[in-house]
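The block underneath contains the structure these notes are about, expressed in structure tokens.
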2 protein chains.
Amino acid sequence: MADERAQAPLPANSRRAQIMKAAGDLFERRAYQEASMEAIAQHVGIRKASLYYYFSSKDELLGQMQQEMIEPVINAHQSRLSEGALDSRGLLLAMMTDLVSLTETHPGHMRIYVERHRELPELIRGKIAEQTDRYRGMLVDVLDRGVAEGVFTVADPNLTAMAILGMCGSTYQWYRPGGKCTAPEIAQYFYHILMTGIETSS
Amino acid sequence: MADERAQAPLPANSRRAQIMKAAGDLFERRAYQEASMEAIAQHVGIRKASLYYYFSSKDELLGQMQQEMIEPVINAHQSRLSEGALDSRGLLLAMMTDLVSLTETHPGHMRIYVERHRELPELIRGKIAEQTDRYRGMLVDVLDRGVAEGVFTVADPNLTAMAILGMCGSTYQWYRPGGKCTAPEIAQYFYHILMTGIETSS
DNA sequence: CCTACCGATCGGTAGG
DNA sequence: CCTACCGATCGGTAGG
């Protein structure tokens, strides 16, 4: 018999999503130390121990949050590829827009992804690192394709990919929704810099 | 009377530098959790309690490390300005080289600077944030100057500065010394992308 | 700079 | 999903 004061467990999937959202919110606004399992539970409105009904450990929770970030951008790129409607320029802009938009939709996840990746246990960290490498490879492929099409001139596609990822992946550090720029506008501007550079063409 | 087994305290300045270096090393190679005061002390070869002879708290130590990063790049830029030998292009390249080089000379400090800034107590965090803002302002000034000189075409100097800082400030995430590129080479390449863009000029 | 020690917190578990 | 609880660790202090 369950304690009468205990709520009925919610369906695992929706509760898990709710917990991840709460953790993301805490990471976005507060320092990491404050995103304890206790704080996350309070934010959800359940007891800390109940979190362990949905996640076997804090590492599993953090790992899930990171995967929830990288998977959608991989999938978005792949479906664009299979649609075949975009050329290398269009694909590049779309990727950059995806990346910067994460800052708008999942700012806390983004921060966790960048700043806590190394803290995960080997197994799950490896899985996420693999997806990150895969995405970087996709970006390099788009650059190579642009070179093949004659529209890009890229001396070092790998370094160029790192520049793009660094530019787009650090927006979470300063972007605040409701400011003067939306995420797609920032992506568009970064794309513009990347395309034409800032040197005056005389 | 001191315990006979106790070493004599080293001069505060050199010991403090040694402690900061040890903390940087730990941050570079290990996850943050492992960079405890205990681990830092072991790495230095003293007892944890002895750290508190040199730093009043862990926050003071982390704050010092962050300031030790931002101050040199501010000073380097200012002395270049007062020398007056460089134009806006030269100044920009020099700033980017400074930033990327931190990854080589202080990789652990760089990681702490980016990933643990929010965890510091208000007072010291504010001081460092101020210096960061100041440096960003200096970068915007260089861009503005290039526009005035007619050599740069920049629609939004602030956003451009964020792109540059994001690009250069995230190299610590992937750069490993002894690879195929040195830090100045990476800075040079990033500068090249920034100047001319990747779009083939037909 | 050391020995000895502490309060607080944190992730996690037992058992229902 | 809750109550009750624990072991480990961590930053930090007292006192020399």
Side-chain angles (χ1 to χ4, degrees), chain A residues 1-20 22-23 26-27 30-65 112 116 118-125, chain B residues 1-20 22-23 26-27 30-65 112 116 118-125:
Chain A
M1 279 294 151
D3 185 326
E4 290 189 61
R5 286 176 304 184
Q7 305 171 35
L10 278 193
N13 281 342
S14 67
R15 192 56 122 184
R16 280 171 67 100
Q18 196 182 350
I19 291 168
M20 288 195 267
L26 282 173
F27 265 102
R30 323 285 270 222
Y32 182 71
Q33 309 120 344
E34 296 173 55
S36 63
M37 291 299 263
E38 181 66 51
I40 294 168
Q42 272 183 33
H43 209 254
V44 172
I46 60 178
R47 297 285 168 179
K48 180 180 69 164
S50 306
L51 292 178
Y52 291 87
Y53 177 76
Y54 299 100
F55 294 94
S56 66
S57 68
K58 187 175 187 179
D59 286 328
E60 195 207 331
L61 168 58
L62 294 182
Q64 271 299 120
M65 291 175 71
I112 291 179
R116 310 294 151 167
R118 283 159 55 105
E119 293 170 22
L120 294 179
E122 272 266 358
L123 199 75
I124 179 159
R125 196 182 69 236
Chain B
M1 281 293 151
D3 185 326
E4 288 186 63
R5 288 175 303 185
Q7 304 171 37
L10 279 193
N13 282 342
S14 67
R15 193 54 121 184
R16 279 172 67 100
Q18 197 182 349
I19 291 168
M20 288 195 269
L26 282 173
F27 265 102
R30 323 285 269 223
Y32 182 70
Q33 309 121 343
E34 295 173 56
S36 63
M37 291 300 263
E38 181 66 51
I40 295 168
Q42 272 183 33
H43 209 254
V44 173
I46 61 178
R47 298 286 168 177
K48 180 180 71 165
S50 306
L51 292 179
Y52 291 88
Y53 178 75
Y54 299 100
F55 294 93
S56 66
S57 68
K58 187 174 188 181
D59 286 329
E60 195 206 332
L61 168 58
L62 295 182
Q64 271 300 119
M65 292 174 72
I112 289 178
R116 309 294 151 167
R118 282 159 54 105
E119 293 171 19
L120 294 179
E122 272 266 357
L123 199 75
I124 180 158
R125 195 182 70 235

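The basis for the numbers below is simple: all heavy atoms, side chains too, and nothing from hydrogens, waters or symmetry mates. Letters A, B, ... are given to chains in the order of the sequence lines, protein chains preceding strands, and every chain is numbered from 1.
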- Among D:dC1, C:dC1, C:dT3, the one nearest A:Ile46 by side-chain distance: D:dC1

- Those residues at least two apart in sequence (or on a different chain) that pass side-chain hydrogen bond (donor to acceptor under 3.5 Å, both in side chains) with B:Arg118 are none

- Give the rounded distance in Å between these two atoms: OH of B:Tyr53 and C1' of D:dA14. 17 Å

- Message: Under 4.0 Å, heavy atoms only, any strand: does B:Phe55 hit a base, just the sugar-phosphate, or nothing?
- Response: nothing

Show the distances under 3.5 angstrom between N or O atoms of the protein and N or O atoms of nucleotides 10-12 of chain C.
from, atom 1, to, atom 2, distance (Å)
C:dG11, OP1, A:Lys58, NZ, 2.7
C:dG11, OP2, A:Met37, N, 2.9
C:dG11, N7, A:Lys48, NZ, 2.6
C:dG11, O6, A:Lys48, NZ, 3.3
C:dG12, OP2, A:Tyr52, OH, 3.1
C:dG12, OP2, A:Lys58, N, 2.7
C:dG12, N7, A:Lys48, NZ, 3.4
C:dG12, O6, A:Lys48, NZ, 3.0

- Query: With A:Arg47, which residues qualify under side-chain hydrogen bond (donor to acceptor under 3.5 Å, both in side chains), at least two apart?
  - Reply: none

- Task: Could you grab the distance from atom CE of B:Met65 to atom CG of B:Leu120, nearest 0.5 Å is fine?
- Result: 11.0 Å

- Message: Once pairs are restricted to Watson-Crick or G-U wobble with both distances under 3.5 Å, how does DNA chain D read as a dot-bracket string, [ ] for crossings and | for other-strand pairs?
- Response: ||||||||||||||||

- Sequence-distant partners of B:Arg125, side-chain hydrogen bond (donor to acceptor under 3.5 Å, both in side chains), two or more places apart: none

- Message: Let me confirm one number: the NZ-CD1 distance from A:Lys48 to A:Ile46, rounded to the nearest 0.5 Å.
- Response: 12.5 Å

For a quick test of your reading: what N or O donor-acceptor pairs under 3.5 Å do the side chains of residues 51-61 of chain A make, sequence neighbours left out?
from, atom 1, to, atom 2, distance (Å)
A:Tyr54, OH, A:Leu10, N, 3.3
A:Ser56, OG, A:Glu60, OE1, 3.0
A:Ser57, OG, A:Asp59, N, 3.4
A:Ser57, OG, A:Glu60, N, 3.1
A:Lys58, NZ, A:Ala35, O, 3.0
A:Glu60, OE1, A:Ser56, N, 2.7

- Message: Holding to salt bridge (charged side-chain N to carboxylate O under 4.0 Å, His left out), I want the full list of residues that pass it with B:Arg116, two or more places apart in sequence or in another chain.
- Response: A:Glu119, B:Glu119

In residues 36-45 of chain A, what donor-acceptor pairs under 3.5 Å come from side-chain atoms, sequence neighbours left out?
from, atom 1, to, atom 2, distance (Å)
A:Ser36, OG, A:Ala39, N, 3.1

